[in-house]
There are 2 protein chains.
Amino acid sequence: MAVMPTRTGRPPKISKADIVAAAHRVVETDGVAALTMRRLAKEVGSTAMALYHHVRDREGLLLLLLDEHAAALPRPELPEEPRERVVAAAVALREALSGYPWVVDVLRADDLLSVGALWYPEQIIDAAVRAGTSIEEAVDVYRIIWHYTAGEVGGRAAARGRREEGGGTYREQVFGELDAAEFPRLSEVGARWEELTARDTYAKGVRALVRGLLP
Amino acid sequence: MAVMPTRTGRPPKISKADIVAAAHRVVETDGVAALTMRRLAKEVGSTAMALYHHVRDREGLLLLLLDEHAAALPRPELPEEPRERVVAAAVALREALSGYPWVVDVLRADDLLSVGALWYPEQIIDAAVRAGTSIEEAVDVYRIIWHYTAGEVGGRAAARGRREEGGGTYREQVFGELDAAEFPRLSEVGARWEELTARDTYAKGVRALVRGLLP
DNA sequence: ACCTGAACACCGTTCAAGT
DNA sequence: ACCTGAACACCGTTCAAGT
C-alpha cells in the first residue's frame with residue numbers, strides 16, 4: 001500500500017491534467033499554432049509562468065499532449081491475411097492522424113509514434129513478418145509506410161489550411177504561367193488538377209507499397 | 001523595344017534581388033526559422049520595414065525564395081524505360097530537396113512544386129503515361145510519390161535537427177517503457193532501431209510504388 | 001518612390017519575490 | 001511548493017512621417 005507523501009507548502013491551484021486538458025481544447029479548436037503559453041494560461045485561469053512549474057517548456061507540453069492523444073487512438077479489428085492487415089493498419093493510422101494533423105508536425109522528428117500509439121507499428125511490422133519478410137525488412141516496410149503517411153497527412157492538413165484562408169491562387173499562377181511546349185502533360189491536365197487531386201489516393205498508395213514490398 | 005519608364009522619387013537602396021539573395025544565405029546557414037524580417041533587414045543593411053516595399057509579407061518572401069531555388073534545381077539525364085524513369089526522377093527530386101528541407105515545409109501546402117520545378121512532375125507523369133496508365137492515374141502516381149517524398153525529406157530533416165541538439169532521449173524513453181508482451185516485434189527490434197532506421201530506404205519505397213502502381 | 005522610427009500586439013522564458 | 005509580476009529578448013506588421 002502506497003504511503004501518501006506529506007505535502008508541504010502552498011496547495012496547487014492547477015494540475016498537469018488541467019493543463020493538458022486545456023491544451024487539448026485549444027489545439028482542437030484553433031490548431032497547434034494557437035497553443036501559446038499565455039493563451040493556455042488564460043484557459044486554465046492562471047498565468048503563463050505558473051505553467052512552467054508543471055511542464056518543462058512548450059516542447060514538453062506538446063509531448064505530453066501527444067501521449068494523451070496517442071493513448072486514446074482506436075485499435076480497430078484487423079483482417080488476418082498479412083497483406084490486408086498491413087493495409088488496414090496503415091489506413092487506420094492515417095484515419096487516426098488525419099483528424100489531428102498537428103500530431104504529425106510534433107512527431108515528424110521520429111520514425112516512431114508516441115508510447116501510446118506503438119500499437120500501429122507493432123501491427124504493421126508483425127504482419128509484414130508474417131507475410132514472409134525478415135524483421136529488418138519489416139522495419140523498412142513500416143518506415144516507408146510511415147513516411148508516406150506523414151507526407152499525406154501533413155500535405156492534406158496544409159492544403160486545408162490554405163483553402164480556409166482563401167488561397168488557391170498559387171496553384172492558379174503555376175498553371176497560368178505554364179509553357180505547353182515544355183510541360184505537355186501538365187498542360188494536358190491543366191484546369192482538371194484541382195478535381196483530380198481532390199480524390200483520396202491514400203489507400204491506393206499503401207496497397208501499391210504492400211504489393212511492391214511484401215513477397 | 002521597351003521604353004524605360006521614367007522613375008521618380010528616391011532611388012532604391014535595396015532591390016528584390018538583394019533581399020532574396022540575403023534570404024537564401026540566411027536560410028542556408030541557419031535554417032528557415034532564423035529567417036525573420038529583422039534579421040534579414042540587418043543582412044541587407046536596412047530596416048525590417050523597408051523590406052515591405054519589396055515583398056508583400058514573410059510568406060511572399062518564402063515563395064520568392066522558393067522560386068529562385070526551384071529554378072536552380074538540376075535536371076539530370078533520365079533512363080528511357082518508363083518505370084526506371086519514374087524511379088530516377090523521384091530519386092533526383094528527393095536528392096534535390098534533401099539539401100533544402102525548408103523547401104518541403106514551405107510547399108507542403110500544395111501537391112505541386114514551384115513554377116521552376118515543374119520539370120519533376122512533368123517527367124513522372126509523362127513516364128507513367130508511357131508506361132501505360134491513363135493521364136488521371138499518372139497524376140495519382142505523381143501525387144503518391146510526392147507525398148512519400150515530402151514525408152521522407154521532412155522526417156529526415158527533423159530527425160537531423162533533433163540529433164544536432166543532443167536529442168534521441170525520446171526514442172530511448174519509448175523503448176525503455178516498452179511492454180514485451182504487448183509489443184513483441186518492437187521489443188525484438190529493440191536497441192537495433194537506431195541502426196535499422198539509419199539506412200536510406202527511399203529508393204526502395206519508390207521502386208515498390210512503381211512496381212505496385214504501374215502496369 | 002523609397003525608406004525610417006515609433007508603435008502595436010504578440011511570443012517563450014527567467015528570475016526574484018510573495019504566500 | 002506553488003504562484004505572481006516584471007522584465008528580457010525577441011516576433012510580424014502598420015502607419016505616419018521624412019527624403
Side-chain angles (χ1 to χ4, degrees), chain A residues 3-23 26-27 29-66 102 105-106 109 161-162 165-167, chain B residues 3-23 26-27 29-66 102 105-106 109 161-162 165-167:
Chain A
V3 176
M4 271 296 176
T6 316
R7 307 296 231 85
T8 66
R10 185 171 179 168
K13 267 179 60 179
I14 53 173
S15 71
K16 212 158 171 168
D18 291 339
I19 294 172
V20 175
V26 172
V27 164
T29 55
D30 296 320
V32 71
L35 185 67
T36 69
M37 300 306 268
R38 285 167 162 91
R39 162 78 186 275
L40 184 55
K42 203 169 284 177
E43 212 84 15
V44 296
S46 183
T47 66
M49 301 70 210
L51 301 176
Y52 285 89
H53 267 266
H54 302 269
V55 301
R56 171 179 282 275
D57 52 17
R58 188 171 183 274
E59 174 82 11
L61 174 70
L62 287 174
L63 287 181
L64 234 49
L65 195 59
L66 205 64
W102 59 270
D105 284 331
V106 176
R162 204 156 284 232
E165 33 181 276
Chain B
V3 176
M4 269 297 176
T6 315
R7 308 296 229 86
T8 66
R10 186 172 179 167
K13 267 180 62 181
I14 53 173
S15 71
K16 210 160 174 165
D18 291 337
I19 293 173
V20 174
V26 171
V27 164
T29 56
D30 297 318
V32 70
L35 186 67
T36 69
M37 301 304 268
R38 285 166 161 92
R39 163 77 186 275
L40 184 55
K42 203 169 283 178
E43 212 84 15
V44 297
S46 184
T47 67
M49 300 74 211
L51 300 177
Y52 285 88
H53 269 264
H54 302 271
V55 301
R56 170 178 283 274
D57 52 17
R58 189 171 181 272
E59 174 82 12
L61 174 70
L62 287 173
L63 287 181
L64 233 48
L65 195 58
L66 205 65
W102 59 270
D105 284 331
V106 176
R162 205 155 282 233
E165 34 181 277

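Labels below follow one simple rule: chain letters A, B, ... track the order of the sequence lines, proteins then strands, and each chain is numbered from 1.
Taking atom CD1 of residue A:Ile14 and atom C1' of nucleotide D:dC3, one finds them 8 Å apart after rounding to whole Å. Here the C1' atom of nucleotide D:dC2 and the CG atom of A:Asp18 are 14 Å apart, to the nearest Å. Between B:Glu59 atom CD and D:dC11 atom C1' the separation is 16 Å, expressed in whole Å. Across the protein-nucleic acid pair, A:Asp30 atom CG and C:dC10 atom P stand 14 Å apart, rounded to whole Å. Regarding B:Asp57, its CG atom lies at a distance of 17 Å from the P atom of D:dC11, rounded to whole Å.
For the segment residues 32-43 of chain A, the set of residues with a heavy atom within less than 4.0 Å of an atom of DNA chain D comprises A:Arg38, in numerical order. DNA chain D is contacted by A:Met49, A:Ala50, A:His53, A:His54 of residues 48-56 of chain A, taking any non-hydrogen atom closer than 4.0 Å.
Residues satisfying the side chain to side chain donor-acceptor pair (under 3.5 Å) test with A:Asp57, not counting sequence neighbours, are none. With sequence neighbours left out, the side chain to side chain donor-acceptor pair (under 3.5 Å) criterion links A:Ser15 to A:Asp18. With sequence neighbours left out, the side-chain contact (heavy atoms from CB on, under 4.5 Å) criterion links B:Ala41 to B:Ala48, B:Leu51. Considering only residues two or more places apart in sequence or on other chains, B:Leu35 meets the side-chain contact (heavy atoms from CB on, under 4.5 Å) condition with B:Ala23, B:Val26, B:Val27, B:Leu40, B:Arg58, B:Leu61, B:Leu62, B:Leu65.
Taking side-chain N and O atoms only, B:Ser46 has a distance below 4.0 Å to OP1 or OP2 of C:dT4. Under 4.0 angstrom from either OP1 or OP2 of C:dT4 there lies at least one side-chain N or O belonging to B:Lys13. Applying the 4.0 Å criterion to OP1 and OP2 of C:dG5, one finds that B:Thr47 has every side-chain N and O outside that range.
Rounded to a whole angstrom, the distance from the P atom of C:dA9 to that of D:dC10 is 22 Å.
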Check: Using Watson-Crick and G-U wobble pairs with both distances under 3.5 Å, what is the 5'-to-3' dot-bracket string of DNA chain D, with [ ] for crossing pairs and | for pairs outside the strand?
Finding: ||.|||||...|||||.||

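Here the NE2 atom belonging to A:His53 is positioned 11.0 Å from the CD1 atom belonging to A:Ile19, to the nearest 0.5 angstrom.
Looking at every heavy atom in both residues, B:Lys16 comes nearest to B:His54 through CE-O, 3.6 Å.
The side-chain hydrogen bond (donor to acceptor under 3.5 Å, both in side chains) contacts involving residues 29-38 of chain B comprise B:Asp30-B:Arg39, where partners must be two or more places apart or lie in separate chains.
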